[in-house]
Chemist: 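A single structure is presented below for examination.
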Amino acid sequence: MLKIGVLVSGGGTNLQAIIDSIESGYITNAKIVTVISGNPDAYALERAKKHGINGVCIRKKDYLDEDDYLNAMAEHLDSLGVELIVLAGFMTVLGKKFIDRYKNKIINIHPALIPSFCGDGFYGLRVHKAALDKGVKVTGATVHFVNEETDGGPIILQKAVYVEEGDTPEILQKRVMEQAEWKIFPEAIKLISEGKIVVEGNKVRRLV
Ligand code: GRF
């Protein structure tokens with residue numbers, strides 16, 4: 001059983017999609033052993049509580065420096081035997097040391113088709129605003145492994161979503177979540193938990 005730690009900062013709808021996929025039996029070989037939030041008021045912590053999942057708040061500002069903070073986070077994850085770290089709307093940048101320590105063990109979801117509308121500064125509604133400003137007709141979401149380059153790690157899954165006439169960043173964000181994020185994030189976790197994802201250099205090969 002793959003032990004997962006989910007890192008969150010906000011609403012936690014992606015966390016909810018993962019919880020639901022485990023409870024419904026879509027994901028059978030993984031369990032969430034902890035949810036970590038950098039924000040004590042994150043609704044994601046409520047969601048964890050409602051489902052009997054251990055939820056903690058680890059705040060950067062409570063530590064001497066970034067190193068100290070990330071060490072505390074790693075200690076917590078390691079003490080629970082976490083094997084896969086899932087960034088589900090986690091807004092704090094993880095340092096290189098942390099990322100190297102968990103090489104190919106951290107996954108993230110980005111609300112666009114990488115390499116479009118990604119990298120530093122592309123988060124939340126800004127991503128969807130940039131897509132609309134460019135006038136793309138198709139956008140989507142990407143699940144990828146995390147490396148030191150923002151949104152730059154090996155791509156695991158992507159799903160396209162059509163842009164429609166009259167879309168606002170808010171409307172598009174909702175459609176991308178419903179049609180892509182809440183589907184491919186659980187799917188990626190399922191595949192990883194079944195040993196069907198192999199990283200080869202900067203690419204992912206999916207075993208059938
Ligand atoms: C999602 O749009 C995700 O793609 C991005 O942050 C947002 C998190 O939303 N990384 P939620 O907290 O899962 O509702």
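Counting convention: from 1, in listed order, for ligands and their atoms alike. It should be emphasised that the depicted structure is a prediction, and the values quoted were computed from it without experimental measurement.
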Chemist: Which heavy atom of the protein is the closest neighbour of atom 4 (O) of ligand 1, given with residue, atom name and distance?
Modeler: Glu181 OE1, 2.7 Å

Chemist: Give me the residue, atom name and distance of the protein heavy atom closest to atom 14 (O) of ligand 1.
Modeler: Thr13 OG1, 2.6 Å

Chemist: Can you pull out the closest protein heavy atom to atom 6 (O) of ligand 1? Residue, atom name and distance to 0.1 Å, please.
Modeler: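 The closest one turns out to be Gly89 CA, 3.4 Å.
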
Chemist: What is the closest protein heavy atom to atom 10 (N) of ligand 1, and at what distance does it sit?
Modeler: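 Of the protein heavy atoms, Ile109 O, 3.0 Å lies nearest.
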
Chemist: Of the backbone atoms (N, CA, C, O) and the side-chain heavy atoms from C-beta on, which set of Met177 has a member under 4.0 Å from an atom of ligand 1: side chain, backbone, both, or neither?
Modeler: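 Looking at Met177 and ligand 1, just side chain atoms fall under 4.0 Å.
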
Chemist: So if you build clusters from Ile, Leu, Val, Met, Phe, Trp, Tyr with side-chain heavy-atom gaps below 4.5 Å, do Ile58 and Leu70 land together?
Modeler: yes

Chemist: Would you give the length of the straight line joining atom CD1 of Ile189 to atom CD1 of Ile184, rounded to the nearest 0.5 angstrom?
Modeler: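 Here the rounded value is 11.0 Å.
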
Chemist: Mark up the atoms of ligand 1 that fall under 4.0 Å of a heavy atom belonging to Pro111, in ascending order.
Modeler: 4 (O)

Chemist: Among protein heavy atoms, which sits nearest to atom 12 (O) of ligand 1, and what does the distance come to when rounded to 0.1 Å?
Modeler: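 Among all protein heavy atoms, the one nearest atom 12 (O) of ligand 1 is Gly12 N, 2.8 Å.
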
Chemist: Tell me whether Tyr26 at atom OH has more than 12 heavy atoms from other residues, nucleotides or ligands lying less than 6.0 Å away.
Modeler: yes

Chemist: Apply side-chain hydrogen bond (donor to acceptor under 3.5 Å, both in side chains) to residues Asn14 and Glu181 and explain how you reach the verdict.
Modeler: CA-CA 7 Å; Asn14 278 287; Glu181 295 186 41; 3.0 Å; yes

Chemist: Under 4.5 Å between side-chain heavy atoms, counting indirect links through other Ile/Leu/Val/Met/Phe/Trp/Tyr residues: same cluster for Leu84 and Leu77 or not?
Modeler: no

Chemist: Output the distance between atom OG (Ser21) and atom CZ (Phe185), rounded to the nearest 0.5 Å.
Modeler: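 Rounded to the nearest 0.5 Å, the OG-CZ separation comes to 11.5 Å.
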
Chemist: So, is Asn14 polar-close to ligand 1, with some N/O to N/O distance under 3.5 Å?
Modeler: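 Among all N and O atoms of Asn14, at least one is under 3.5 Å from an N or O of ligand 1.
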
